[in-house]
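Values in this document were obtained by computation on a predicted structure and should not be read as measured data. Residue numbers start from 1 in every chain, and the chains themselves are labelled A, B, ... in the order their sequence lines are given, proteins ahead of strands.
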Amino acid sequence: MLKHKNTSMKKYILLCLLFIPFVSCKDFLEEKQVSNLTQDFYKTEAGLDGLIRGLYVYARVKHEWDANGARLIETETDAYMSANIDWARVNSLHYGSDISSIASNVNNYIGGANDVYAPMGAYPHINNCNIALDIMETAKPGKFGTDELYASNRKAEVLFLRAWAYYLISNQLGAVPLVLTPKYQDNGIYYYPKAPLADIYDQIISDVQFAYNNLPTGQGERGRATKWAAGHLLAKLYLNRAQAFDFQNSGRDTS
Amino acid sequence: VQNPLLGWEKSAQVNIGVDFSFLKSRVSGSVELYETNTSDILLTKTLPGVSGYSQKIENIGKTQNRGIEITLSGVPVEKGDFSWSIDINFSANREKIVELINGKQDMLAQRYFIGQPLRVFYHYQDDGIWQNTEEDLAEMAAFNANGHRFYPGTIKIVDQPTVDIDGDGINDTGDFRINASDYVVRGSDRPKWTGGITNTFTYKNWSLSTFIYARVGQTYFGGYAPYAGGGSTSGRYTSDYWSWNNPGGKWPMPNYGNVENYVAAKQYHDGSFAVIRNISLSYNFPQAWLGRISLNDLTTECSGAESFHVWRNDGERRY
């Protein structure tokens, strides 16, 4: 360690130190948080538009798709196998032994997996649809309040996407809760009785009919639902209901 | 989902401390005891998916931290030009979870257990190697009837009691299946205590100082022997494998065949150690020399910061 004896240097340093306390901020620093988006953002035109675009994430969910298809309730059988040597052997230890994976698969399918990104659960998606419909009904931000055609077009898309979720989960699971009101916060009440298939089909058929009547034949933005997509789903719903007519859980009221 | 009631975690702390100094300041130090109770810990609660949300962060959960910190300084020898001084510090901390999402219930998926530290190792308990004895062969047959593939020379796992035979409410035997119900807490990475000693010897202008650090009681995970024997990437050479001629071998028989080895269970070790963190030798040039070249103070120092172990409780680590 080296130290220089230099008294004149010390004086300068002392002078500098004297001034430091006087150079300070008068006000507290005001922090502007820009990263915190709350659900209030959906009540703006840009936010609502973004929410509706985001709903299309659920369009990726199909029956054929892995955990929503065969793996949902037929895991660890010869119908569905993991690419793993132990499972591929399907020995007595593994064959149909752990039905708990069915419970977790169904839980993920309807909402347990996550409520943010694909493949998201059905009910988080349905809740987002309900939030979008509610804001279109009440707040009507920007173009959603002024441009009637634009608003009905967007509403038709949301109803189409919500019906798609109910179509998928009722196909796989039968009677499921029919949630049509938005939930903005968790209130600790989890009473969700199952609705009969007849009620679910009445709801989604009328929703997709609205979509068919209000969607344009071509959308400016590629990927958005069109009249033809709604017509296709509507046909599927009618056929599904007619096919199931003879079965016990028929969507049509047979009493 | 948003939670507008979310707040900060709260901590209440009690400290008792004593500073002391006696024998004309030849011995001095301090003792401090503390207890911190933390409440409103942020934990993620799982919500039923039908509600439209899958999880919510809430202020629930309590933990407790208790500990002691001791520092001690002394000068055992001070004679003429020679002096020897010691500085010791010691600290011990006990961390435990008091309450979780559902009160006094463990959260298995998150590996949170009431009464345990926040981070624990939770896995099977190993019990040596299956031997080629009548007793072991009979037990292995009972496991293998349930689909296991145990064989002499594979790792033996403790089948925790999960079956109540005599109906007294206490489980008294295993079910001959190794599964999630056989997991136990294998330890924590938190040490039971840590401490350090600094010894400084001074003779005239020379001074020699060493710092020894110890961390005791933590569990360490890792260090599995390479499958095919020989040296591993960590530089360790292992030959103590189980074989028909070496039934006392520590590691399972190297085997790529159709047998079952729960290798993770064999990798929890006592990680206690003591290391020399620093040795330094310094020389302080005499004032009389420095005055001539307008210097106040000049020290030359030679130190080794590379730490090496002086003691290790576990013989498995070689790197």
Query raised in the report: Atom NZ in A:Lys183, atom CG in B:Leu47: separation rounded to 0.5 Å?
Result: 8.0 Å
Query - Within 6.0 angstrom of B:Leu208 CG, more than 12 heavy atoms from elsewhere - result: yes
Report summary line: Residues B:Ser51 and A:Tyr190: closest non-hydrogen pair is CB-CD2, 4.3 Å
Query raised in the report: Are any of the side-chain heavy atoms of A:Asp186 and B:Asn3 separated by less than 4.5 Å?
Result: no
**Report entry** Whether over 12 other heavy atoms sit under 6.0 Å from B:Tyr151 OH
**Finding:** no
Requested in this report: Return the minimal non-hydrogen interatomic distance between B:Ser54 and A:Gly111, and the atom names on each side.
Outcome: CB-O, 3.5 Å
Query raised in the report: Just wondering, are more than 12 heavy atoms of other shown residues or ligands nearer than 6.0 Å to NZ in B:Lys62?
Result: no
Report task. Say whether, by atom type as modelled, one donor and one acceptor occur between the side chain of B:Tyr53 and the main chain of A:Asn127 under 3.5 angstrom. Result -> no
Query raised in the report: So does B:Tyr203 have more than 12 non-hydrogen atoms from other groups sitting under 6.0 Å from OH?
Result: no
Requested in this report: Examine whether an atom of A:Ile189 lies under 4.5 Å from a heavy atom of chain B, and if so say whether it belongs to the side chain, the backbone or both; otherwise answer neither.
Outcome: neither
Query raised in the report: Is it the case that more than 12 heavy atoms not belonging to A:Glu137 sit under 6.0 Å from its CD atom?
Result: no
Query raised in the report: Which bit of A:Ile126 is near chain B, if near means a heavy-atom gap under 4.5 Å: side chain, backbone, both or neither?
Result: neither
Query - Heavy atoms of other groups near B:Tyr112 OH, more than 12 under 6.0 Å - result: no
Query raised in the report: Between B:Gly49 and A:Pro124, what is the shortest heavy-atom contact and its length?
Result: O-CD, 3.8 Å
